Each structure stands twice: as structure tokens, then as C-alpha cells.
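Computed from a predicted structure; not experimentally measured. Below, chains carry the letters A, B, ... as their sequence lines are ordered, and counting in each starts from 1.
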Amino acid sequence: MSRIKKTAGFIIRSINYGDTSRIISVLSQDEGKVSFMAKGARKIESKFGSALELLTLTEFVYYQKEGLKLLSQASTLNPYSKLKSDYDRLEVALRTARWLQRLLEEDHGEPSVFLIYKDFLEMLCSMLEVEHFALYELSFKLKVLASMGLAPTLDRCALCNKAPERSWFSLEKGGLLCQNCRSGGEAHERPLNLGIAKGLNMLLRLPFEKLTRIKLSQDVTAIGTKLIDEFTSHHLRPLMQQRKHLAQN
Amino acid sequence: MSQYPEPLEKLIKELKKLPSIGQRTAERLAFYLLNQPEENAMLLSQAVLDLKTKIRLCRECFNFSEEELCTICKDGHRDRSMICVISHPPELWKIERCNGYHGLYHVLGGLISPVNDVHPEDLHIDGLMRRIEGGAVQEVILALDPKVEGEATSMYLARRIKTYGISTTRIAQGVPIGRDLEFADELTLNRALQGRVSI
Ligand SMILES: [Zn+2]
Ligand SMILES: [Zn+2]
């Protein structure tokens, strides 16, 4: 007997399956990242209508069948139309959806990631200045990493806890290292100015609505984004290998 | 478990790579071909090869073509002041079969989709801008899928085309003909109301 279940979440990916179906990935409220098989979703008369559009907050009714979650109903809770009526907003939202899709494991995940994404998308809808989008995007990524237990240490040396005079960011240790603790010449260490580390720390700690009040240099966003993307990839690599290994066995 | 002879096994394996063909269908097709005269098999394999060797993308519109310019771009009777933008060639033939449009086309080769790492520079967008710069175009019609990626692409293109001061339109969105309004999706019905026309 298959049991009918219900959940709500954001659609972060949608891929065609066969001639008429789709597989959709959802960042759900209570189950982390889950994927559903939506049969007939590509047909013009599909019962799912616009509820399976990317970045829509939707309520799903589904049942599990042989390792597959089959979608039986989908109804839109919030289409986030504002987000979809402006190219710059939409681009950031879709880009972060991809980032989440790659970062999160299937059927795993912290419920808090859903809330952070929801906050972020709502912030994105209400923001006026395009030039601030990147700063919020970086803050969003730091917050998600933190909720997954991957928060980088940014205010002191991650190993000896001392406040360093000069600092490096270690992709491996996930935080700052001082002159004494760094191994030196390692491929995964990047020199990182303390001022920028401090700025990143604020983006990590402060709630979204407080970010408008702080003044950060452009460098924090530019250098920080590059660093955090490298850091994410560095942590994803073993995870990807593990996933591949699991898929093969 | 005993296997089919090697050549049969190989054909089944290749057929299975085609969309919506599973093991059973692949087997049926392979046995069918096996029972056909050799000439038919030759015709089929030649047709498949020709696809790859004789078809290229049109220099102007990126439609599939046998020559540098496709038959539509070469046709002197088409209205050269209009370009209809679509994502893939099958949509072009769908519109052609409707017989209601006589302008030119431009095939993007996909939709902007940051979720799948597809960005404007991955599509034939610069080619479209060059055609607009040519000066003959007065209207660009965006006929892209009414989903988020299609919207993103339409908004991006509209913004770029606007700088040339020519008209950009988008195909109407609404309720499919022959269906009951009662069952229409809310978003679709909303768009249909926004796009209402006088009668
Ligand atoms: Zn140290
Ligand atoms: Zn052409």
C-alpha cells in the first residue's frame, strides 16, 4: 500500500522526462530536497497547470511507488510573479536555485534552508537596486552553508582561535588561518584581507533586512562571491564522488 | 540468459537510445528490420547518415538547412520586416503549418536557463542583433515557451531590442481553444484577461 503524503516547497529544477512528463526538484518545507515524477506535465491540458513552474511555491500531494515519488496533485501557494516579471531578479533567483540544487542531497536537508530561500526570494522581490542583488546573493549562500554546518570561521584563526594580523582563507579548513597555522603554499589556501573577512562575517551573521544599513566595499561582494563559490565546489567534490559511488552500487 | 547475436544486440542497444523507445520496442524494430530486404536497410542507414552530413544551420536564422541559407531566408516572397523568434526548429515548422505567418524566423537554439547553466552567450542572440542592425526589420515577435525560462529569455531580448527602437511583441497567452474555462489554470486565465482584445 502506498501512502499519500503532502508537502510544500519551491521548484528549483524541472527536467523533461519522456515525451510528456517532467521530473521536478523541490526545496521542501519539511523534507529537504525531494524530486517528483509529474506524469503528463508537459501536455497543454495537464492538470498541474502553472503550479510546476520554476520558483513557484507549491503544495504537492504525492505517493511513493518503487523508489519514485509520483505527483498526484499540485496547487500554487504563491507564484512569486514579481520575481518573474523582471529579468535581473529572475536571473539571480534561477542562479541560486541551481546552486541549491547542486549543494543539497536528495531526500536530505535542513528545513531552515527552505526558510532562508523564502526570505531571500521575498527580499529579492522587494529590493529596488539591481546593484545590491549580488550582496544579498552572497549573504544567502553564507547563511545556507551555515545552516548545513559549513559556516566558515571569519573572525579568528580557525585552528588557534587567535585574531591574526595577516590571514589566509583555507578551503579545506573552511575558515581563516593565521601565519603560524597555515601550511603554506597549499593549493587550497587563498590570501584574504581581514577587512573583507569582516565584511563576509557580517553578511553571514546579519539578517537580510539589516543588510541595507551597512556599508561594504564592492570588493567584499566580488572577492567574497568568488571565494564562497570555490569553497562550495571544494566541499561538493567529495559529496559528488560519494553520490556517484552510491549510484553505481 | 542467452543473448541475441552480436549485430542484433548492437542495433537494439542503439535504438534504445532514441526517445521513448524501451527494450521491447527496440527489439520489435530490430526484428522488423532484420526481416526487411537489404535495400530498405540501406535506404534507412543512408537517410540517417545524410542527416548528419547534409544538414547544417542556416547562416542567417539558424534553422536547419541544406545550403548556407535556408529555404525561408531565400524565399523572395517573405515579409522581411518581421522576425519571429523561436527556441528550436520544430516550432518553426509548427508555425509554418498554421499558414498564418509570412515573415522570417530566428532560431535561438534554446532558452536562457541559469538553472541549467545556459546563459545569453550560449544562444544565437548576437546573430539576431546583427540582423536587426541590418535595418530592414520593423517588428520582432517573441514566440517562446510560456514558462519561466521562456519569460526570462523574452524579457532579456525585449530589453536588448528596445535599444534599436523597433517594435517587440509577444504571442498571446491564454485559454486553449476547445477547452472549458472552468478548468483553466488561474495564471493562464489571468494572462488571458490581460491580453483581451475587442470584438
Ligand atoms: Zn592560527
Ligand atoms: Zn534561414
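- More than 12 heavy atoms of other shown residues, nucleotides or ligands fall within 6.0 angstrom of atom CD in B:Gln173.
- Residues B:Pro114 and A:Glu91 form a side-chain contact, since some pair of their non-hydrogen atoms from C-beta on lies under 4.5 Å apart.
- In terms of heavy-atom pairs under 4.5 angstrom with chain B, the leader among A:Ile15, A:Leu100, A:Thr96, A:Asp88 is A:Asp88.
- Residue-environment remark: CD (A:Gln218) stays at or below the threshold of 12 foreign heavy atoms within 6.0 Å.
- No more than 12 heavy atoms of other residues, nucleotides or ligands lie within 6.0 Å of NZ in B:Lys162, so this atom counts as exposed by the packing criterion.
- Around CD of A:Glu131, the count of heavy atoms belonging to other residues, nucleotides or ligands within 6.0 Å exceeds 12.
- Contact count against chain B (heavy-atom pairs under 4.5 Å) is highest for A:Ser50 among A:Ala97, A:Ser50, A:Ala93, A:Gly49.
- The shortest heavy-atom contact between B:Pro120 and A:Tyr87 is CG-OH, 3.8 Å.
- Top candidate by heavy-atom pairs under 4.5 Å with chain A, chosen from B:Asp117, B:Thr188, B:Thr153, B:Ile112, is B:Asp117.
- Counting non-hydrogen atoms of neighbouring residues, nucleotides and ligands closer than 6.0 angstrom, the CD atom of A:Glu129 exceeds 12 such neighbours.
- Counting heavy atoms of neighbouring residues, nucleotides and ligands inside a 6.0 Å radius, atom NZ of B:Lys74 exceeds 12 of them.
- Pairing each heavy atom of B:Met155 with each of A:Leu90, the nearest pair is CE-CD2, 3.6 Å.
- Counting heavy-atom neighbours within 6.0 Å of B:Tyr101 OH, excluding the residue itself, gives a total above 12.
- For the pair A:Arg13 and B:Asn116, the minimum side-chain heavy-atom distance is below 4.5 Å.
- With a threshold of 4.5 angstrom between heavy atoms, A:Leu52 does not approach chain B through any atom at all.
- Chain B forms more heavy-atom pairs under 4.5 Å with one residue of A:Leu55, A:Val92, A:Asp86, A:Thr76 than with any other, namely A:Asp86.
- In terms of heavy-atom proximity, A:Leu54 sits nearest to B:Val148 at O-CG2, 3.5 Å.
- Residues B:Lys147 and A:Glu53 meet the side-chain proximity criterion, which asks for heavy atoms closer than 4.5 Å.
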